[in-house]
Asks: 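Below is the structure I would like to discuss, written out as structure tokens.
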Number of protein chains: 2
Amino acid sequence: MSRMTTAATAVDPAQRLRTAQDLFIGRWGEMGQTWGINRTMAEIHALLYIVAQPLCTDDVMERLHISRGNASMSLRALCDWGIIRRMHKRGDRKEFFESLSDVWEMFSIIAAERKRREMDPVLETIKQCQRMIDEKSLGKQAANQLDVQLTRQRLMGMEEFVEVTNKIFQQFIGNAKSGLTRVVKVLLKAF
Amino acid sequence: MSRMTTAATAVDPAQRLRTAQDLFIGRWGEMGQTWGINRTMAEIHALLYIVAQPLCTDDVMERLHISRGNASMSLRALCDWGIIRRMHKRGDRKEFFESLSDVWEMFSIIAAERKRREMDPVLETIKQCQRMIDEKSLGKQAANQLDVQLTRQRLMGMEEFVEVTNKIFQQFIGNAKSGLTRVVKVLLKAF
DNA sequence: CCATCCTTTCAGTAGTTACTGAAAGGATAC
DNA sequence: GTATCCTTTCAGTAACTACTGAAAGGATGG
């Protein structure tokens, strides 16, 4: 009997489509977890992206088997990020949500946010540390001159790294699709 | 009294250095959390990086106020990642740990691992989804031809994105410092 | 103004991850 | 062999994060 069921679902095209979408949604959810994003948020985003049409809160709840509260809060968070968008349908009281369609644009948004939240504070801290141990403020009387020297070197190494990475991010941010594929071509030519 | 203490610590160069290092360690730990890495692991790594000398388990425990078990397991995990390294000192029974000194190399290692664990599975899933809904297997009899079309488009969009991103990662991986600064120069010239 | 429909909030709880400390497991020295 | 020193493991617990569902909070329509 289980074989018959499998065969039947395999043949029904609508079910087949749905299964493929679910596969994508599941994987996206797992990926989200290894980044800072939680599973549900990532899954909702994947769902809205893959179906490519506006869905309402109840659609999302039903498809992902999550509670109303969870759906509401996750949808709001995704809107705050700016990678999905609220939508009205005329004559319908419900609110609908849809994903940005351009993956490149989504990436730009996310990259900008991550730069702001992750790179920038590190860079600031590094500079603050450097000020704390620079020659003037620390003087040369220190017994542990070597330690200071080592730390100073490491701070500089890290600073350079973060600054260069920042510049690379900068290239991505604000350069949607066309710009990015050009970046890749340039890179491939350069190496 | 607290004022006198503050003044005293501010002037003592050794303490000053330590405070600066702690600042860096703390920030690095916070950042780690927004990535998948947990706070302690990130802090240990930051500590080993910033002091730029090998430390033993007890040094780490003491400096970060963590238990032996936690230190042991986190150190091992960092070794597994390959961004710190075990070290013996002649005539000393203890094992010491030190961070890679080259930030670019550390980044390459991390990027390679993330590509393998995050990009590759997504790409594979996308291709699997595409196979599930391609013309041959699904046929044209489907009532929901539009839905299929939409999903197909989105899968293609995502596939292109992941593939291009993969290529960019590829450029970073295995191109340590010199290669990367060149990448940046190329990018800056191109835009 | 009430009824209806939909959204948001939030206290409580389930589920997960991180951490401790004690005990067991080596290795080396004598 | 035993003693010493160091590392690893892991059961138990603490801390945290995600989720639910019910209740409160709007908005729109009649």
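Reminder, nothing fancy here: chain letters follow the sequence lines and each chain counts from 1. Since the model is a prediction, treat every value here as computed from it, not as a measurement.
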Asks: CE of A:Met156: more than 12 outside heavy atoms within 6.0 angstrom?
Replies: no
Asks: More than 12 non-hydrogen atoms from neighbouring residues, nucleotides or ligands closer than 6.0 Å to CE on B:Met73, yes or no?
Replies: no
Asks: Is the cationic atom of A:Arg76 (NZ for Lys, CZ for Arg) positioned less than 6.0 Å from the six-membered ring centroid of A:Trp81 and within 45 degrees of its normal?
Replies: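 Pair A:Arg76/A:Trp81 does not count as cation-pi.
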Asks: Does B:Asn38 or A:Arg76 map to a spot on DNA chain C nearer the 5' end, using the closest nucleotide for each?
Replies: A:Arg76
Asks: Report yes or no: do B:Glu159 and B:Gln130 form a side-chain donor-acceptor pair below 3.5 Å?
Replies: yes
Asks: Could you tell me from which nucleotide to which nucleotide of DNA chain C, 5' to 3', there is an atom under 4.0 Å from chain A heavy atoms?
Replies: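 For DNA chain C, the relevant span reads C:dT4 to C:dC10.
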Asks: Answer yes or no for B:Arg39 and B:Trp28: cation-pi contact, defined as NZ/CZ to six-membered ring centre under 6.0 Å and angle to ring axis within 45°.
Replies: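 No, cation not above the ring by the 6.0 Å, 45° rule.
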Asks: For residues B:Gln21 and A:Thr151, is any side-chain donor paired with an opposing acceptor at under 3.5 Å?
Replies: yes
Asks: Identify whether the distance between the nearest side-chain nitrogen and carboxylate oxygen of B:Arg68 and B:Asp58 falls below 4.0 Å.
Replies: yes
Asks: B:Asp92 CG to D:dT4 P: how many Å, rounded?
Replies: 18 Å
Asks: Counting only heavy atoms and a strict 4.0 angstrom limit, can you tell me which residues of residues 48-73 of chain B come near DNA chain D?
Replies: B:Thr57, B:Arg68, B:Gly69, B:Ser72, B:Met73
Asks: Considering only NZ, NE, NH1 and NH2 on the basic side and carboxylate oxygens on the acidic side, decide whether B:Arg63 and B:Asp22 come within less than 4.0 Å.
Replies: yes
